[in-house]
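By convention here, the first residue in the shown sequence is residue 1. We count ligands from 1, going down the list as the structure has it; atoms in each ligand are counted the same way.
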Amino acid sequence: MDYNKFFADKVGELKSEGRYRVFADLERQAGKFPRAKAHINGDLRDITVWCSNDYMGMGQNPDAIKAMVDTATNYGVGAGGTRNISGTTHQHVLLEKEIAELHQTEASLAFGSGWIANLTTLSTICSLIPNCVVISDSKNHNSMIEGIRHSRAEKHIFRHNDVEDLERILKSIDIDRPKLIAFESVYSMDGDISPMKEICDLADKYKAMTFLDEVHAVGLYGEHGAGVAERDGLMDRITIIQGTMAKAFGVVGGYIAGTSDMCDFVRSYGTGFIFSTSTPPAVAAACRANIKYLKEHNELRIKHQERAATLKKKFSDAGLPVMDSESHIVPILVGDPVLCKQASDELMNVHNIYVQPINYPTVERGTERLRFTPTPLHDDDLMDTLVAALKDVWGKLGLKAAA
Ligand SMILES: *Cc1c(COP(=O)(O)O)cnc(C)c1O
């Protein structure tokens, strides 16, 4: 077999469908977010970033930068081992304490990424509990799907955010059979929020565990940034809360929070936790600094919501097809992968505005979109510049206006 030809042909398929991924080559600039520099065809240009998951601009928080630099200076740059074999530094211990405090749980467990936290936790729990069955929202993130698949547990999928469909499935399963409902709070591509209380009520009624991915909500919702479960007073109803330190917390790393027994179980049996080197202590220190910072700065969350609402209004006033969203995520429908990529290219090349096209398989075909993530640092001027640029691009490419 010509292996290389196989690889090139498979990538060629993506290119012909218009969904080949091209990465923007960026230089983030601490202190200037959401401004950045981009390497474009040999030039280095000033641009505005409109699609970062650094939702609060915490990547440039001076407290976190200082924590990272000081810790690297004192500890060196690497952890030096897996958590079990010399890789647990005091920074990791402090970080897990901070996370548990945030979610008001007995314990937490930190991972190298949110993706690994989901994969490891779901695959470990659902494979080791005998006869476990998983009921999973149809729009759950790839990392949850992979974790469930890896567990080989029986799986049922309920229609997205549909509690009637969830109950229909729960009813069909033996009440005494161990079960886990896996869902998210904020779904990051549509920006909708799950009916968390209703799902928790069903979990109680049918004796199921709840596994909640709050990746797009931690730092952003609730009085202390513990997520939608905090905002809605449901923190004690969730069996396993999963989060990331890579989005609103602006650094990198994932975690779960829950009872000591549950965390100890995943710590002791989860291969994705056991056999992987722990994160650098400087990273753990920076994560803790930002969790702490956002815990104490609710005014940033208020500002964040105001910015998102303002951008939605500016888009709809301009006749742009902004999609319904209950959260801080602001998607605009394009509905075609090639046009979506062209719109993104045009924004970058002509207007120095960076927003990545979102195509299949991240979203369904026919719902290709531009997904904007306004932060507290995207001011009115940046928004007005964006709206004018979008109107120009919509006209030039003949894209559909709002219905
Ligand atoms: C980004 C994401 C993850 C993975 O988190 P990382 O820390 O980036 O690995 C998990 N779940 C959802 C819903 C996500 O969007």
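You'll find the side chain of Asp213 reaches within 4.5 Å of the side chain of Met144, heavy atoms only.
Residues with a heavy atom under 4.0 Å from ligand 1: Ser113, Gly114, Trp115, Asn118, His141, Ser143, Glu184, Asp213, Val215, His216, Thr244, Ala246, Lys247.
In this structure Ile173 satisfies the side-chain contact (heavy atoms from CB on, under 4.5 Å) test together with Val133, Ile135, His156, Ile169, Arg177, Lys179, sequence neighbours excluded.
Ring centroids of Tyr187 and His160 are separated by less than 6.0 Å, placing the two rings close together. A ring-centre distance under 6.0 Å is not found for Phe249 and Tyr293. Aromatic rings from Phe111 and Phe273 are positioned such that their centres are separated by under 6.0 Å.
Counting only distance, with no hydrogens or angles, the side chain of Thr244 and the backbone of Gly253 share a donor-acceptor pair below 3.5 Å.
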